[in-house]
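This report refers to the structure that appears directly beneath it.
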Amino acid sequence: MSVVNSGTRPSLSPGQRPGSPRKRQRGPRLDITLAGQSKLAPYLFSAPAIVTVSLLLAYPVLYGLYNSLFRAPSLGAPEEFVGLENYSDMFADPAFWHALVRSAVFVFGCLILGLILGLFFAFALNRVIRQLRFLRAITIAPYIISNVAAAVMFRLVFNSDFGLLNRTIEFFGFDGPGWLSNGTLAMVVVIFCQVWTDLPLTILLLLAGLQTIDTSYLDAARVDGATGWKRAWHLSIPLISPQIVISTVWLSYSTLTGLGVVLALTGGGPLKATQTLPMEMYSTAFTDLEMNEALAIASFILILNALLTLVYVTVARRYGTVE
Amino acid sequence: MSAQTRSRSQRTPGERFVAAVRRRLRRTGIWVVLAFLAVWTIFPILLTLSISFKTRADVSADPGFIPSNPTLQGYASVLAQEGFRSAFINSLVVGLGTSVLTLALAVPAAYAFVRFRFRGRHLLLLFTLLPRLIPGLGLMVPLYRLAVWLGAIDQLLTLIVAFTGTVLPLAVWLLVGFFQHVPRELEEAAMVDGAALPKRVRYVVLPLALPAMITIGVLAFREAWNEFNLVLALTSSPGSRTLPYELFLMTQTTGFQNNPGQAAFAIMTIIPFIFVYLRIERFVVGGITSGAVK
């Protein structure tokens, strides 16, 4: 949720499509006549939504940032202002650095796997016409499944005793590994599960981009003798780079701040091998009950997420793919 | 294709053969990828479905994909749980409540953003930027503390309000995109006929906006139905949890795991939604992607 509109510019002109020929003839005049009856109407209409969003999104984050500057000397004691001490302690804590590295592996793994699979699937879907609706409906199935349910499914698939995967491996005469008891493999499983839940939106985004490509470009390239791979690499991928950037932003947002899959699949284990930053925040807050310290971690994640988004958009702009 | 037909007559038979093979290979390749896509998506679901119909012993004893002694024990064990039943009802209430509240707030706001010029229209940007920067994760601790402070822990209304806050930006954004495409002329015609604002909205705007509203209602419902982080933070007692939390707790039990039960639970959280979803899949896909590429 709330992921799909990144990297785009909201159009603030009301009721106007850019490039519409009627744009100039219509103007403020009609706005005034439509709005004429009451100057208050727009404020009354929009105020509840603006207030709700401010109270439930903006305020909690400011509250969190502010409260991360306090600390209770002991559990239940009144909180005292400690400045940035929560942050300096956080940076001095090896557990934090461990979680940061685990998060980096997790986010990077999900980005690579998600983008590669997303591109392959989107290109293939783009070539299908008649069965597209059916295939798209299948594609989107994970979108309606909660993170926890997805994690339960992956626990069953990767179960080392009866999971079908190990059954298959045993069939070929090998011993299947304990997927969730080995640190490296657990990370792999968590990455696969997270990508499984995030892929539908990635595919839809990329597919929407591919479907806007003017086929005359591709035809021209075909006349010039470009093979399918070359057309994809030199034409389609640059043409859908805005959608690739949006997918990257969304995937890294979703994985950097993703808690449900990891918590329900491995709980950060085995031996903290999948203890990502959100897991670290969760256990600090709700296991150790150190709320202010958890708020420092949460604030760090929010800032990191904003910085990453900024980096993607800047890089994309530098290479002239996104306006 | 047009390029190939144009040059076909100039090709030697050998070239034509190579081109035909390549075309066939390409088509096969596409179907291989699509088959992989279907397996990737469906396999975990089918496997879960298969396990949900096995007995606890058969999960390891009977390796077949199709259970040899299909049983409803898994489902029965879940339905017998007090936690499941109350969580199911809670999820339903919270989902519907979130849908209704989201629509009630988003429709007027989006209409105002599209149809009126007023100070504060730039706040529309708020709706596009904030959710990018503020994930549910960042809200867990602050909302938990605020709810404790307000004495609002464990209440369904708290969940509804919190979920509405997270869904609202997308809802407004999608509706703005939709209202921009409702022809202004229709409303002007109604106005010429003497319809005041409430009547225009009631008889012109809302009927036209119905598909968009259904889409947003479903998206909001899905969000509330599946949300896990905030439920984790905002509920603590058994009677007030929603389905994901209850399922999570079921996986946390130690000892002999009730695997068919977990599988059945997961399936039952999906089933009610699949029917709604399949009927309006087209709207939803259109909604998601139009929000994305606009």
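Chain letters run A, B, ... following the sequence lines, proteins first and then strands; every chain starts at 1.
When each of Ala233(B), Pro108(B), Gly136(B) is scored by its heavy-atom pairs under 4.5 Å with chain A, the top score falls to Pro108(B). Chain A forms the most heavy-atom pairs under 4.5 Å with one residue out of Leu232(B), Val107(B), Val32(B), and that residue is Leu232(B).
Only the side chain of Ile270(B) has a heavy atom closer than 4.5 Å to any heavy atom of chain A. Ile51(B) touches chain A through its side chain: at least one heavy atom from C-beta onward sits under 4.5 Å away, while N, CA, C and O do not. Using a 4.5 Å cut-off between heavy atoms, Ile45(B) touches chain A through backbone and side chain atoms alike. Proximity to chain B (any heavy atom under 4.5 Å) is shown, for Phe192(A), by both the backbone and the side chain. Proximity to chain B (any heavy atom under 4.5 Å) is shown, for Val157(A), by both the backbone and the side chain. With a 4.5 angstrom heavy-atom cutoff, Ala294(A) touches chain B only via side-chain atoms. If you measure heavy-atom distances from Ile297(A) to chain B, you find no contacts under 4.5 Å at all. With a 4.5 Å cut-off on non-hydrogen atoms, Leu125(A) touches chain B through its backbone and its side chain both. Both the backbone and the side chain of Phe248(B) come within contact range of chain A, judged by heavy atoms closer than 4.5 Å. Heavy atoms closer than 4.5 Å to chain A are found nowhere in Phe265(B), neither backbone nor side chain.
Note on residues 134-148 of chain B: pairs passing side-chain hydrogen bond (donor to acceptor under 3.5 Å, both in side chains), not counting sequence neighbours, are Glu79(A)-Arg145(B). Judged as a side-chain hydrogen bond (donor to acceptor under 3.5 Å, both in side chains), the pairs with a partner in residues 262-276 of chain B (not counting sequence neighbours) are, in order, Gln257(B)-Gln262(B).
Looking at Arg222(B), its side chain does come within 3.5 Å of a backbone N or O of Tyr143(A) through a donor-acceptor pair.
Between Ser146(A) and Leu243(B) there is no side-chain heavy-atom pair separated by less than 4.5 Å. At least one side-chain heavy atom of Leu56(A) sits under 4.5 Å from a side-chain heavy atom of Leu143(B). Counting heavy atoms from C-beta outward, Pro169(B) and Val53(A) have side chains that approach closer than 4.5 Å.
Note that CD1 of Ile50(A) and CZ of Phe113(B) are 4.0 Å apart. Values are rounded to the nearest 0.5 Å.
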